[in-house]
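Reminder, nothing fancy here: chain letters follow the sequence lines and each chain counts from 1. Note that these values count all heavy atoms, side chains included, but never hydrogens, waters or copies made by symmetry. Note that the structure is predicted; figures quoted are calculated from it, not measured.
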Amino acid sequence: MRYDHTKIESSWQKLWEKHKSYKVEKDENKEKFYCLEMFPYPSGKIHMGHVRNYAIGDVLARYKKMKGFNVIHPMGWDAFGLPAENAAIKNKIHPAKWTYSNINFMKEQLKKLGLSYDWDREIATCDPEYYKWEQLVFIKMMEKGLVYNKTSNVNWCDDCNTVLANEQVEEGKCWRCGNEVEIKELDGWFFKISEYAEELLDYTYKLKGWPEKVLTMQRNWIGKSHGAKIRFPVKGFDTPIEVFTTRPDTVYGATFMLIAPEHPLAKKLIAGTEKENEGLNFIKDVLKEDKISRMAEDKEKKGFFTGRYAMNPITKEQIPVYIGNYVLMDYGTGAIMAVPAHDQRDFDFAKAYNLPIRVVIQPEGENLSGDTMGEAYAGEGILVNSGEFNGLDVETAKEKITEYLREKEVGEKTVNYRIKDWGISRQRYWGAPIPVVYCKKCGVVPVKKEDLPVKLPLDVEFTGIGNPLESSEEFINTTCPQCSAPAKRETDTMDTFVESSWYFIRFCSPKCNNAPFVKEEGNYWMPVDQYIGGVEHAIMHLLYARFFTKILRDLGFIDIDEPFQNLLTQGMVCKETHKCPIHGWLFPEEVENGKCIICDSEVEVGRVEKMSKSKKNVVDPDLLIKKYGADTARLFSLFAAPPDRDLEWSDQGVEGCYRFINRIFRLITKNSEICKTNLNEKSEESDTTKELEFNLHSTIKKVTEDIETFHLNTAVAACMEFTNKLYQLENNVNTETEKTLFAESVKTLLVLLTPFIPHVCEELWKITGNETFISDQKWPEYDEKKIVRDTTTIVVQINGKVRANLDLPTDTGKEEALAAAKSNEKVQKYINGKNLAKEIFVPNKLISLVIK
RNA sequence: GCGAGUGUGGCGGAACUGGUAGACGCGCUAGACUUAGGAUCUAGUGCCUUCGGCGUGGGGGUUCGAGUCCCUCCACUCGCACCA
């Protein structure tokens, strides 16, 4: 007999919904717990990654609720983004319609999983009632100088008439039309995240609940480095070239300079010289390559001599200035002093262009020379060839030389960050409009707060060419908020990472209509106590969200510094791939007995990798739920691997979980009478009662501790073990006391399993005679005293090898235990006639005897 | 190249502060019940073996005792990468 999961699951889902079981309100008398999983992009349907993510979150949310916390567990939709626009181009369907229909479908799918969301808090970021507040924050940021507009170099496809992200450039060509991508200067809006670099970095040392890996990635991304800025005057030129270096100590070894091709001075340096055309071509050639191939490993170092010389401000030497392909405009000042003896890249360049290599750092006990060295030396040493600084060690020299440069006013100490300001402009339709207006007279003017939201227009055509917003007369044409003259709207929309940077706070008061959120609600619920999602968001999303939270704090909206107290990055869901020599990648259901069902060819089983549509190694949650039910789908995702590790899909493993649920189902239905009868006899002890109590309390302890530490797989294992035990003991249950304890055990087991497999637990709870929701039950407590057994097995080791087991009363003392060990037959065999050199006793664990 | 992580049976994975390695599940073997079973139940299942020995990627070390601590090497995975 198998249980009817379809019927049971849908009926309990309806009951939970009817009773608003998971609705939650602020309650100052209760301790809050904010459990959040990363909200999905409504791409069409959910995948196993979602199931795993949300199952993990649901265990925690349900557990904390049963523990008595006031648990907020919301869900919503990251609803803006390019796929909706692509669908619009392809299927002539409006992005909004496409998005909302996906949301409806996916919401039904999530509901079928029985997740304990408070759906009353649902939000979709494409709702004007949501992005309106983002526009407000944008304007407030503008007022505080945290937003600016600047021209920068972007990847541009002339055919599509749009900007491309780096990842949309494939081998220098547009991913959609194959047209050559060019670098173009374009206006765009930026958030000053760099102003928060220091604080963002600082707090990575305070976020104790985050994986070290993620924090490291963020620190590297912020990329703080100490060094100096040094200005090199150029002969016959007004503006000096400013460089950033972390090695001011090597300034005497700077034998040439390089500037980035994009550097504003690059073109100016060659202007009017006979080499101008040649130089412009060089710049063009370098910039034509997309960034990815330009930064490829082993990229050959190329340069163009500008014909100009700069003066090394410390040696007064004239050194040649090159434009170099390996100098990045994005980092530092976009120009460097090249010290070939002590930097490998500069060394390679010097070799290629036959430039002098001068050693200025001499490692102890060696005698490097520029003529003979085969590679740059970047280590510690003593300064040489450095005038008055000779003899200093590297660290001291850095300080002294920087100080000297400052005195001469040609440089100063500086801190450089790798992180750049956040460019939020997207030339797209399906995003939050940037709320500014361009007026001929007043310039760039923010939209008046009372005129928000700036809504997306509907009279738009999706042709795939250009930004659809530009085609909307209704949208573009407006009046200036300041002088009322006719003006044009900004047609850029915001990066969708902006929406996901504060949705978690909006969840605190999702219907608030006079502010982004109610401050008291935000302060009550925030920060998120546990955030759960994929590690792929380790940098962008999590850094932007941290930044935006600080912005909201500094604008006075909320009083917290960091949004996410604890972070769990769950592993990927993986599965082996199948490939048919004729039909390519196959879905699992297209393979039968190792053969392709279309052509009967032998199918090649590939390696286990992340489930992806392109490789077809996917399992459709819908089919899984249909066949086994949501409880099984959840249980397998939780049991097959610890949450933070990758999970390998196994159809047989799923079967095993289904089998376990059936086992529970049978155990309880078989014993429902015992459970229903109201017994209250607990006085007479027997082996069975002791066994029941011991296992019951150990299991409560184990499951509780495991959930707290996210060892969800072992928590499930503990429940399985207890189930096995109950099957074993079921026939020994005779006395009233035994029955009472058996019933208690069974019911407690159900409570412990509720966070994992809530539907079947509700059903069985009812079958055992309860009329309440098991989801509302209190989490059981364990009694430490019941976990102590009368006797304990003590292991006897002789010279490190286990030779005997002794069953002794728990807490037997050293003398008695040793006596027992020595009188043991097996032990005697080893120790007779030998010298006992050492005796080690670990209470309730082991005895270790060393003999000679 | 830099940084982080992982490595345990046929497989997924357990093992608290060093203290019986392999919990739990899958698979496999045998048996029971069955017309039959891919349902269910029971027993067994690291390897080699006669006592006994060997086993947590390899090698070395500390210790009465090491999957766990230290050194070293190897493999794989992920992130970053011409960052001045």
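- A salt bridge is absent between A:Lys610 and A:Glu536: the closest approach of a Lys/Arg side-chain nitrogen to an acidic carboxylate oxygen does not fall below 4.0 angstrom.
- With hydrogens and angles disregarded, no donor-acceptor distance shorter than 3.5 Å links the side chain of A:Asn695 to the backbone of A:Phe722.
- Salt bridge present: A:Arg789 and A:Glu691 bring a charged side-chain N and a carboxylate O closer than 4.0 Å.
- Between the side chains of A:Asn724 and A:Arg663, at least one donor N or O sits under 3.5 Å from an acceptor N or O.
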Pairwise N/O distances under 3.5 Å, protein to nucleotides 53-57 of chain B:
unit_1, atom_1, unit_2, atom_2, d
B:G53, OP1, A:Arg803, NH2, 3.4
B:G53, OP2, A:Arg803, NH1, 3.4

> Could you run down nucleotides 5-16 of chain B 5' to 3' and tag each one B, S or - for protein heavy-atom contact under 4.0 Å?
Replying inline: -------BSS-B

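- For A:Arg418 and B:A81, the shortest distance from a side-chain N or O to OP1 or OP2 is below 4.0 Å.
- Partners of A:Val234 by side chain to side chain contact (heavy atoms under 4.5 Å, CB included), not counting sequence neighbours, listed by chain and number: A:Phe237, A:Ile241, A:Leu269, A:Arg308, A:Ala310.
- If you run ring pair (Phe, Tyr, Trp, His ring centres under 6.0 Å) between A:Tyr322 and each of A:Phe304, A:Phe349, A:Phe282, only A:Phe349 comes through.
- Atom-to-atom, OH of A:Tyr628 to C1' of B:A39 comes out at 13 Å; the value is rounded to the nearest Å.
- Here the options are A:Tyr658, A:Phe660, A:Tyr3, the test is ring pair (Phe, Tyr, Trp, His ring centres under 6.0 Å), and the partner is A:Tyr628; only A:Tyr658 passes.
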> Given Watson-Crick or G-U pairs with both distances under 3.5 Å, what dot-bracket string fits RNA chain B, with | for other-strand pairs and [ ] for crossing?
Replying inline: (((((((..(((......[....)))((((((.......))))))(((...)))..(((((..]....))))))))))))....

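- Counting only heavy atoms from C-beta on, A:Ile336 has its side chain closest to B:A84 among B:A84, B:C82, B:U20.
- With its glycosidic angle within 90° of 0, B:G9 adopts the syn conformation.
- Side chain of A:Lys829, nearest nucleotide from B:U20, B:G52, B:A84: B:G52.
- Remark: P of B:G3 and CD1 of A:Ile539 are 17 Å apart, rounded to the nearest angstrom.
- A:Glu375 has no carboxylate O lying under 4.0 Å from a charged side-chain N of A:Lys351, or vice versa, which leaves the two without a salt bridge.
- Residue A:Gly656 is classed as a sugar-phosphate contact, given heavy-atom separations below 4.0 Å to backbone atoms only.
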Quick test: give all pairs of protein nitrogen or oxygen and nucleotides 40-44 of chain B nitrogen or oxygen below 3.5 Å, distance rounded to 0.1 Å.
unit_1, atom_1, unit_2, atom_2, d
B:U40, O3', A:Arg666, NH2, 3.2
B:C41, OP1, A:Arg663, NH1, 2.6

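- Distances shorter than 4.0 Å separate none of the side-chain N or O atoms of A:Asn844 from OP1 or OP2 on B:G19.
- Straight-line distance from the CD atom of A:Glu655 to the C1' atom of B:C24: 18 Å, rounded to whole Å.
- Nucleic acid contact for A:Asp348: none, since no nucleic acid atom lies under 4.0 Å from a heavy atom of the residue.
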Protein N or O to nucleotides 61-64 of chain B N or O, pairs below 3.5 Å:
unit_1, atom_1, unit_2, atom_2, d
B:C64, OP1, A:Lys838, NZ, 2.7
B:C64, O2, A:Ser848, OG, 2.7

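- Looking only at atom types and distance, the side chain of A:Asp807 has no donor-acceptor partner in the side chain of A:Thr791 under 3.5 Å away.
- Residue A:Ile847 contributes atom CD1, which lies 13 Å from atom C1' of B:U20 at whole-angstrom precision.
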